[in-house]
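Notes for the one structure printed next.
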Amino acid sequence: MNEIIHVFKTQGNDIWQALLQHIGISLIALLIAALIAIPLAILLMRHKKTAEFILQITSILQTIPSLALLGILIPFVGIGTVPSIIALVIYAIMPIFQNTYSGLTSIDPNLEEAAAAFGLSTTKRLVRIEVPLAMPMIVSGLRIAMVMIIGTATLAALIGAGGLGTYILLGIQTNNNSLLIIGAVLSAVLALVFSGVIRILSRLSLKRLGIVVAATLVLISGAAGYRYLNRDKATITIAGKMGSEPEILINMYKELIEQDSSLKVNVKSNFGGTTFLFKALKSESIDVYPEFTGTVLESLVKTNKKVSHNPKATYRVAKSLLKKQYGMAYLKPMKYQNGYAVAVKKSFAKENHLKTISDLARVSDKIHAGFDPDFYQQTDGYPGLKKEYGLNFASVRTMEPTLRYRAIAKGKVNLVDGYTTDPELQEYDLVVLKDDKAFFPPYQGAPLLLQKTLTRYPEIQAALNKLAGKISTSDMQKMNYLVNMKHEKASKVAHDYLIKHDLIKK
Amino acid sequence: MIKFKHVSKKYDGNTVLDDLNLTIETGDLFVLVGPSGSGKTTTLKMINQLIKPTTGDIVIEGKNVNEYDLKELRLQMGYVLQNIALFPNLSIDENISIQLEALRRPKKERIAIAHDLLEKVGLDPEKYGRRYPHELSGGEQQRIGIIRALASTPKIILMDEPFSALDPISRNQLQELVLRLHKELQTTFVFVTHDMHEALRLGDTIAVMKKGQLQQVGSGESILSHPANSFVDTFFKNEHSENILVKDLLEHNCFSAGDENANYFRIDQNKPLSQLSKALREHSRVLVSGNQQKKQVISIDDLLSYLAQKGDH
């Protein structure tokens with residue numbers, strides 16, 4: 001609980017932003033869905049066959065998993081807010097359409113006959129009799145849709161539309177329960193609040209309802225229009241993957257670029273996973289993001305060569321392949337490596353004089369290892385390591401990534417795998433053993449961007465290359481620790497580093 | 001004047017209405033009566049075009065209904081439904097004035113008309129105007145149903161078995177209301193019922209129907225005294241039970257004081273009703289014998305009002 005309050009204190013502003021984003025996306029999606037579904041139902045209320053056909057279609061759309069739908073949409077409309085809203089609208093149409101349609105068609109036929117016999121025009125009947133009588137059904141459709149939208153909108157974070165989902169994803173990825181709880185609880189509360197607001201709105205007369213809807217539309221489009229008009233032409237967007245490390249890096253990029261050029265930088269942290277960011281870069285939805293050399297060779301470019309264990313060679317290969325296959329520029333890498341590592345407690349290392357992985361061979365029979373299941377299975381993980389260094393540990397157990405750190409802290413195991421920049425290494429007083437045979441593939445971070453972006457804004461290159469060879473593994477570890485464990489703001493941590501190392505003027 | 005000329009209606013080969021020829025005079029309280037499936041409701045709904053004839057013409061005020069703008073035509077007609085069908089989402093005031101609203105009359109005028117009408121049927125406008133239909137009893141609701149049909153002072157008022165779902169007391173009151181309103185407004189009422197007592201009580205002119213065919217048209221009196229065929233005879237006679245005696249009419253106050261000097265056909269007070277109606281076919285008034293104190297005379301009107309009363313029980 002204390003941690004949640006702490007997160008609120010330090011990141012209150014960001015959470016507020018995410019909440020507003022979430023509300024914005026949900027409201028726009030609901031409005032669009034309602035503006036499509038309700039008139040459609042009215043139009044089809046006297047055409048039973050067509051209506052049932054449409055109902056079938058909307059039901060089919062409903063069955064597409066939301067993630068798949070987002071994936072399908074990306075090639076057509078890119079990433080960010082637009083595809084999220086489209087996906088949400090597609091989901092919301094069915095409950096609204098179905099409820100409106102059954103509300104309108106289940107009106108007592110005697111009332112319909114009376115209205116017809118009195119010579120009321122179709123419009124008059126609709127406005128005065130049919131829609132008001134169907135209102136309770138329409139409202140329940142809207143409420144179902146709203147709750148669904150707010151829930152599904154958490155997935156929008158996956159494709160960079162922001163919202164409360166960012167905190168849920170971040171919470172899952174960094175095993176930070178307070179973030180997870182904040183994201184989940186806020187979206188649940190939001191669903192309740194909106195459901196209540198819709199119920200209140202449903203008691204208004206049709207005329208007043210129209211005014212409220214029109215006002216909301218004007219407000220939203222006004223805000224969007226304002227933002228569009230105020231958009232600086234020379235703005236570039238820098239995005240980062242989930243987690244603290246990319247967020248710190250992209251904040252450094254922002255400060256460096258804004259200091260050295262007249263460009264404005266838009267930062268999108270926790271934007272999504274690797275494939276997603278890479279696609280976003282290709283479709284120019286974003287301009288720059290930091291990527292690891294190892295990841296480029298493993299999953300982004302097509303290559304049949306074996307991954308080199310030399311960091312420099314890896315970078316060179318990655319750079320040339322990116323340029324050849326995608327027309328992308330890969331700027332100079334930073335110093336630190338964020339690859340696999342094996343770590344032991346500092347005290348244990350001292351007692352047994354351990355500095356390198358080779359040293360482990362001496363004490364093999366004393367080692368009780370706890371490994372991440374992936375690391376335990378992959379050939380570039382434990383099996384390869386075992387062969388390369390001729391290790392034979394007393395016992396090896398697999399456990400969830402976060403559990404193994406707790407396990408070593410409590411002395412249940414005395415050796416774990418991890419990533420070199422994991423803040424837990426510092427938190428639990430662990431030391432990484434040097435990969436003296438260079439077994440682990442190198443993972444160096446460097447800014448990735450399209451060649452044509454660089455041609456248009458050549459000043460980016462010089463600005464970002466200031467970080468080349470900077471930031472050691474322990475620097476990165478410390479910064480991650482500050483953000484993840486001490487809940488400091490990534491932008492502040494980034495700024496402090498740049499000042500300390502004279503990379504920007506005070 | 002409403003004229004049906006060779007009007008037929010067929011649904012999937014079933015003839016619901018067979019070559020109907022009928023004239024409804026302006027200002028008449030015209031009752032269509034017959035058992036279910038006789039085509040009476042179909043006939044009514046053809047007047048406001050809720051049902052369109054398969055063949056034949058319907059002419060209203062000299063103009064074929066097809067030539068009217070449907071909306072205009074319906075706005076000139078009041079309509080009362082069997083199941084009342086007040087709009088549950090509208091207040092009583094709004095229900096009454098819905099047609100006026102469609103005619104774009106100003107709100108003040110609409111409310112004034114609604115309140116006038118409420119007063120006319122003995123419902124306090126201040127108390128009832130703002131209520132909603134579900135807050136009213138069945139009888140009150142149908143009162144609203146009737147005045148809703150009157151709001152735009154239509155030239156023709158159509159009533160489709162409006163009282164069949166009501167209790168006898170409400171039905172009786174509402175029948176009186178219909179008679180009163182018709183007298184006041186002098187507009188054309190077309191009233192559908194399956195209840196011959198109701199037909200006799202209300203109708204200036206009664207049209208008897210059976211299986212889509214018109215059997216007889218005429219005043220209640222003429223139908224009773226000269227049934228056109230055995231169906232009409234039995235349809236009405238059915239109700240003259242042999243157990244009812246002439247003196248029952250006296251107990252129900254269905255008689256008048258006779259002229260001291262006139263010479264009447266006499267009938268014994270213990271004779272059954274069938275004999276009375278037979279006698280009334282030949283004599284406009286008959287004197288009840290067996291009671292020497294007063295001269296109690298029964299006319300065909302007395303018989304009709306007795307029959308109508310009896311229908312309520």
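Reminder, nothing fancy here: chain letters follow the sequence lines and each chain counts from 1.
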Measure distances from A:Asn110 to the heavy atoms of chain B and classify the residue's part below 4.5 Å as side chain, backbone, both or neither.
->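 Looking at A:Asn110, backbone and side chain both touch chain B.
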Could you have a look at A:Ala114, A:Pro132, A:Ala117, A:Ala115 and say which one has the most heavy-atom pairs with chain B under 4.5 angstrom?
-> A:Ala117
Of all of [options], which one pairs up most often with chain A through heavy atoms under 4.5 Å apart?
options                              : value
B:Gly78, B:Ala102, B:Ala85, B:Ser152 : B:Ala85
B:Glu72, B:Gln49, B:Glu101           : B:Glu101
B:Leu158, B:Leu103, B:Leu81          : B:Leu81

Using a cut-off of 6.0 Å, state whether more than 12 heavy atoms not belonging to [X] lie near its atom [atom1].
X        : atom1 : value
B:Arg130 : CZ    : no
B:Lys108 : NZ    : no
A:Arg46  : CZ    : yes

Indicate the atoms forming the closest heavy-atom contact of B:Lys71 with A:Gly119, along with that distance.
->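 Scanning both residues, the minimum pair turns out to be CG-O, 3.0 Å.
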For residues A:Phe118 and B:Ile98, report the shortest heavy-atom separation together with the two atoms involved.
-> CD1-CG2, 4.0 Å
Can you find a pair of side-chain heavy atoms, one from A:Ile129 and one from B:Leu90, that are under 4.5 Å apart?
->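 They are in contact (side-chain heavy atoms under 4.5 Å apart), so the answer is yes.
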With side chains defined as the heavy atoms from C-beta onward, is the minimum distance between B:Tyr79 and A:Glu113 less than 4.5 Å?
-> yes
Please confirm whether the backbone N or O of A:Glu130 pairs with a side-chain atom of B:Asn89, one donor and one acceptor, at under 3.5 Å?
-> no
Toward chain A, the part of B:Gln76 with a non-hydrogen atom under 4.5 Å = neither
Between the CG atom in B:Leu75 and the OG atom in A:Ser121, the distance rounded to the nearest 0.5 Å is 9.0 Å
